[in-house]
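Throughout, a chain's letter reflects where its sequence line sits, starting with A, and its residues are numbered from 1.
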2 protein chains.
Amino acid sequence: MSDVTEEISSKSTRELILDEALHCFADRGYEGTSLNDIAAGVGIRRPSLLHHFPSKEALYTDVFEMLLSEWLEGLEVAMASPASGWDKAELVIRAGFDLFARTPDYVRIMRREALDSGVHVGVDLSGFLRPLFDSACAYFTSEMDAGHFRRHNSQHLIITGYGAILTYFSDAPFIDELLNDQALTPENVRDHCDHVVAFFRAALVA
Amino acid sequence: MSDVTEEISSKSTRELILDEALHCFADRGYEGTSLNDIAAGVGIRRPSLLHHFPSKEALYTDVFEMLLSEWLEGLEVAMASPASGWDKAELVIRAGFDLFARTPDYVRIMRREALDSGVHVGVDLSGFLRPLFDSACAYFTSEMDAGHFRRHNSQHLIITGYGAILTYFSDAPFIDELLNDQALTPENVRDHCDHVVAFFRAALVA
DNA sequence: AACGGGCTACCTACTGGTAGGTAGGGCAGA
DNA sequence: TCTGCCCTACCTACCAGTAGGTAGCCCGTT
């Protein structure tokens with residue numbers, strides 16, 4: 001019970017910090033973000049922030065774990081679907097787009113982490129994502145064996161899909177300039193999602 | 001004449017600095033790299049480095065302009081090829097892979113720049129790349145109109161390709177972990193290139 | 001009275017950048 | 001051939017500013 005009240009009373013500021021930290025880290029990266037920036041965004045001083053998190057790295061790790069758990073949850077639900085064949089692949093692609101469109105800041109943090117080879121985060125990133133990767137590989141391979149999909153190397157296929165989907169969100173500011181338009185409006189996200197789905201379908205389904 | 005000797009004597013250190021800066025910026029980003037890091041890598045002190053470049057930002061801009069000119073050169077040659085239809089698309093994809101495999105550090109800097117919306121660099125990035133983007137769009141659109149390719153939205157198609165190709169190099173450390181293998185060995189790069197070519201061919205060529 | 005959550009004031013380490021000095025090569029003129 | 005000068009490339013020492021983090025006080029709630 002005391003747990004709960006403690007949670008409620010402290011959660012507000014703590015969550016405000018997590019939200020602001022998420023946004024700052026996504027926007028300017030780990031090194032480019034100072035605790036002063038985050039604290040100022042919340043409306044408190046840096047030492048007050050450090051009252052809630054023991055260090056910058058601990059704060060970052062907490063943000064990153066939020067990210068991972070949300071992704072894992074979102075994708076596992078889609079991958080556990082009883083659908084099969086192309087329907088399931090499309091379902092997972094669309095789930096990924098929904099997930100990433102909902103949390104573009106997460107995508108940019110993940111991309112930065114991939115670039116930095118995970119030096120800032122104290123969690124076992126590959127340990128987290130390998131199971132998803134492996135089960136996705138197994139799915140595509142079995143569908144190819146069954147003749148439902150054209151034959152491709154499953155690992156490379158998934159890496160290609162990962163890059164194609166994530167890039168649209170991570171590089172959104174850059175794509176804005178290329179398109180002379182806002183990449184992340186709901187319509188444009190849907191358009192791109194439809195395109196990726198159609199593209200992968202054309203490549204996979206004979 | 002005095003120009004030449006001046007160039008020869010100073011070029012060596014200047015180029016060493018540019019090389020080291022390229023590597024550091026790619027590895028740890030603009031904010032994560034200090035001038036001390038770069039100077040130490042070259043084997044000189046920071047003030048000596050600032051003798052060759054007026055500021056950190058100027059050094060970064062020089063590195064980035066090296067990148068842009070090399071990319072522009074490499075891709076324009078491929079895009080100017082007289083080939084047509086799928087042959088030309090494959091040629092450009094393979095040229096891109098060659099280019100990026102030769103200079104993976106450039107890819108990572110470009111990706112960081114895309115994430116940071118180009119705040120560090122004093123050059124007009126979209127102005128540089130828009131012509132390539134637009135002419136690639138025009139090419140695919142005309143080939144689709146001629147019935148050589150399946151119909152897709154050209155802009156989204158190129159963004160998908162851009163993401164699929166670049167990610168393999170920018171996220172190489174991350175992909176290493178996923179594959180339990182070195183992503184950037186010549187064999188693996190060739191394999192992935194072959195995969196992307198086959199994948200795009202399957203999606204585009206009816 | 002105890003305490004949670006904020007504050008000011010401070011610390012050390014390090015940042016990008018500057019000031020000023022030095023070693024040594026190239027070169028014009030005696 | 002020697003001498004004096006300039007220039008490049010590097011150095012040490014320092015600057016102001018900012019980073020992350022700590023110590024300790026204040027104050028409203030319980």
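Between C:dC7 and A:S48, a contact under 4.0 Å exists linking OP1 or OP2 to a side-chain N or O. Distances shorter than 4.0 Å separate none of the side-chain N or O atoms of B:T13 from OP1 or OP2 on D:dA9. In terms of phosphate contacts, B:H52 brings no side-chain nitrogen or oxygen within less than 4.0 Å of OP1 or OP2 of D:dT8.
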Exercise for review: Under the side-chain contact (heavy atoms from CB on, under 4.5 Å) rule, what do B:D176 and B:D181 come out as? Steps first, then yes or no, please.
Suggested key: CA-CA 5 Å; B:D176 287 351; B:D181 194 5; over 6 Å; no

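Here A:F199 and B:F200 bring their ring centres to under 6.0 angstrom of each other. Taking the ring centroids of A:F169 and A:F97, they lie under the 6.0 Å cut-off. For B:Y106 and B:F100, the ring centers are positioned 6.0 Å apart or more.
Comparing atom distances between the A:N36 side chain and each of C:dG6, D:dC10, D:dA19 picks out D:dA19 as nearest. When each of D:dC11, D:dA9, D:dA19 is scored by its nearest atom to the side-chain atoms of A:S34, the top-ranked nucleotide is D:dA19. Nearest to the side-chain atoms of B:H51 among the listed nucleotides D:dT8, D:dC11, C:dT8 stands D:dT8.
Remark: A:K56 is not positioned above the aromatic ring of A:F25, lacking an NZ or CZ atom under 6.0 angstrom from the ring centre and at most 45 degrees off the axis.
Rounded to an integer number of Å, the gap from OH of B:Y30 to C1' of C:dT15 is 11 Å. Counting to the nearest Å, the P atom of C:dA9 and the CZ atom of A:R45 are 12 Å from each other. Put simply, CD1 on B:I44 is 19 Å from P on C:dA23, counting in whole angstrom units. Rounded to whole angstrom, the span from the CG atom of B:L49 across to the P atom of C:dT15 amounts to 13 Å. With rounding to whole Å, A:F53 atom CZ is found 12 Å from C:dG5 atom P. With rounding to whole Å, A:D37 atom CG is found 11 Å from D:dT18 atom C1'. When the P atom of C:dA13 is taken as reference, atom CD of A:E31 falls 19 Å away, rounded to whole Å.
Contact check on A:R108 versus A:D171 returns no salt bridge, with no Lys/Arg side-chain nitrogen under 4.0 Å from an Asp/Glu carboxylate oxygen. Of the charged side-chain nitrogens involved, at least one lies within less than 4.0 Å of a carboxylate oxygen, so that A:D194 and A:R94 count as a salt-bridged pair.
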Might you list the N or O atoms of the protein lying below 3.5 Å from N or O atoms in nucleotides 21-27 of chain D, with each pair's distance?
residue, atom, partner, partner atom, Å
D:dG21, OP2, A:K56, N, 2.8
D:dG21, N7, A:R46, NE, 3.2
D:dG21, O6, A:R46, NH2, 2.4

